[in-house]
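Start at 1 with the first residue, then count along the sequence.
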Amino acid sequence: MTNNAVLAVKSDQNFWTDVQLAALKQIGLGEAPKAELGAFLHLSQKTGLDPFARQIYMINRGGRYTIQASIDGLRIVAQRSGEYAGQVGPFWCGYDGEWTDVWLDKEPPVAAKIGVMRKGFTEPLYAVAKYESYAVIGRDGKPSGLWAKMPDTMIAKCAEALALRKAFPHDLSGIYVTEEMEQVDNPTPAPVKTVVEIEAQPTTAKVTTEDTADYIVRLVG
């Protein structure tokens with residue numbers, strides 16, 4: 001799994017070695033519970049992916065740990081199975097629902113689709129990922145990071161990960177790529193300000209709401 005024999009994860013080890021734990025500490029897992037680290041070792045062994053080459057990694061999200069892989073990691077697992085027979089796509093579509101093999105519009109695509117072929121399948125296994133389900137949107141209501149720079153590539157990775165897990169559920173079940181999980185850390189969009197017009201009264205007007213949106217009171221006479 002790695003050229004460094006000291007860090008190499010062996011299929012028969014029961015837990016991380018002291019050297020491996022020291023390396024994991026350097027990549028931010030020094031405070032991870034033993035049970036979480038054990039699950040991480042299990043998936044590293046099961047997939048054959050190298051955690052020290054960042055093919056598979058564990059992320060702390062407010063005390064909860066999730067295990068993720070790069071899209072290349074998922075491709076490696078599929079290829080090593082000996083059953084992987086390539087892909088069809090990616091394809092993108094807008095609101096018109098017409099699929100195209102290149103996205104030239106300045107606006108982000110509505111969805112991406114990829115088909116994964118596996119030996120013994122009679123046709124590709126397709127998966128569709130909707131942009132609104134995965135894109136990271138900032139408080140200004142606009143996509144941020146790579147979702148702003150290359151939205152077609154980002155959503156295509158999500159579609160490919162979905163398709164690979166559907167085609168190879170035994171090997172990839174429960175393993176997600178970064179692009180799929182970024183929306184978990186998506187900041188809460190800025191509240192929408194709504195203008196409420198009421199007639200001017202001798203007493204101070206009050207506006208109450210159970211919603212979280214901010215309200216601006218405009219007195220009209």
>> What verdict does the side chain to side chain contact (heavy atoms under 4.5 Å, CB included) test give for Phe168 and Leu74, after you've listed the backbone C-alpha separation in whole Å, the side-chain angles of each residue and the deciding distance to 0.1 Å?
In response: CA-CA 10 Å; Phe168 298 92; Leu74 268 60; over 6 Å; no
> Under the side chain to side chain contact (heavy atoms under 4.5 Å, CB included) criterion, do Tyr126 and Val116 qualify, and how do the steps go?
Replying inline: CA-CA 6 Å; Tyr126 285 95; Val116 168; over 6 Å; no
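Rounded to the nearest 0.5 angstrom, Met154 CE and Leu146 CG are separated by 5.0 Å. If you take CD on Glu98 and SG on Cys93, they are separated by 9.0 Å, rounding to the nearest 0.5 Å. Here the CG atom belonging to Leu41 is positioned 11.5 Å from the NZ atom belonging to Lys34, to the nearest 0.5 angstrom. To the nearest 0.5 Å, atom CD1 of residue Ile27 and atom OH of residue Tyr57 are 11.0 Å apart. Atom CZ of residue Phe91 and atom CH2 of residue Trp103 lie 14.0 Å apart, to the nearest 0.5 angstrom.
Between the side chain of Ser81 and the backbone N or O of Ala78 there is at least one donor-acceptor pair closer than 3.5 Å. With hydrogens and angles disregarded, a donor-acceptor distance shorter than 3.5 Å links the side chain of Gln55 to the backbone of Asp50. For the pair Ser70 (side chain) and Gly73 (backbone), a donor-acceptor distance under 3.5 Å is present.
Between Leu21 and Phe15 the shortest side-chain heavy-atom distance falls below 4.5 Å. Taking the side chain as every heavy atom from C-beta outward, Asp171 and Lys46 never approach each other to under 4.5 Å. In this structure the side chain of Ile175 never reaches within 4.5 angstrom of the side chain of Gln68, judged on heavy atoms. No side-chain heavy atom of Met117 sits less than 4.5 Å from a side-chain heavy atom of Gln87. Looking only at side-chain heavy atoms (C-beta outward), Leu24 and Phe52 come within less than 4.5 Å of each other. Two residues are said to be in side-chain contact when any heavy atoms from C-beta on lie closer than 4.5 Å; Pro51 and Val9 meet this criterion. Looking at Tyr84 and Leu164, their side chains come closer than 4.5 Å, going by heavy atoms from C-beta outward. Using a 4.5 Å heavy-atom cutoff, the side chains of Ile155 and Pro109 are in contact.
Applying the ring-ring contact (aromatic ring centres under 6.0 Å, His included) rule to Phe40 yields the partners Trp16; only residues at least two apart in sequence or on another chain are considered. Residues satisfying the side-chain hydrogen bond (donor to acceptor under 3.5 Å, both in side chains) test with Lys166, not counting sequence neighbours, are none. Every ring-ring contact (aromatic ring centres under 6.0 Å, His included) that Tyr131 has, sequence neighbours left out, goes to Trp147. With sequence neighbours excluded, no residue forms a side-chain hydrogen bond (donor to acceptor under 3.5 Å, both in side chains) with Arg54. Legend: residues meeting side-chain hydrogen bond (donor to acceptor under 3.5 Å, both in side chains) with Glu83, ordered by chain and number and at least two apart, are absent. Taking Lys25 as the reference, nothing meets the salt bridge (Lys or Arg N to Asp or Glu O under 4.0 Å) condition, with sequence neighbours excluded. For the salt bridge (Lys or Arg N to Asp or Glu O under 4.0 Å) test, no residue two or more places apart in sequence or in another chain qualifies with Asp152. By the salt bridge (Lys or Arg N to Asp or Glu O under 4.0 Å) test, Arg165 is found to be paired with Glu180, residues two or more places apart in sequence or in another chain being considered. For Tyr176, the side-chain hydrogen bond (donor to acceptor under 3.5 Å, both in side chains) test picks out no residue, with sequence neighbours left out.
Contact between Asp12 and Gln45 at its shortest, heavy atoms only, is N-NE2, 4.4 Å. Closest heavy-atom contact between Arg80 and Thr47: NH1-O, 3.7 Å. Between Ala129 and Tyr134 the shortest heavy-atom distance is CB-CE1, 3.7 Å. Contact between Ala112 and Trp92 at its shortest, heavy atoms only, is CB-CD1, 3.8 Å. Residues Val128 and Ala111 approach most closely at CG1-CB, 4.0 Å, considering heavy atoms. Of all heavy-atom pairs spanning Leu43 and Ile67, the tightest one is CD1-CD1, 3.5 Å.
Linking Ile, Leu, Val, Met, Phe, Trp and Tyr residues whenever their side-chain heavy atoms come within less than 4.5 Å places Tyr65 and Leu37 in a single cluster. Cluster annotation: Trp99 and Leu162 are assigned to distinct hydrophobic clusters (Ile/Leu/Val/Met/Phe/Trp/Tyr, side-chain heavy-atom contacts under 4.5 Å, transitive).
Counting Ile, Leu, Val, Met, Phe, Trp and Tyr side chains that sit under 4.5 Å apart, directly or through other members, Val110 shares a hydrophobic cluster with Tyr95. By the 4.5 Å side-chain criterion applied to Ile, Leu, Val, Met, Phe, Trp and Tyr, Phe121 is assigned to a cluster that also includes Leu125. Hydrophobic cluster membership of Leu104, counting Ile, Leu, Val, Met, Phe, Trp and Tyr whose side-chain heavy atoms lie under 4.5 Å apart directly or via other members: Val102.
Gln20 and Gln13 share a donor-acceptor pair across their side chains, judged by distance under 3.5 Å alone.
Shown here is Asp18, whose CG atom has no more than 12 heavy atoms of other residues, nucleotides or ligands within 6.0 Å.
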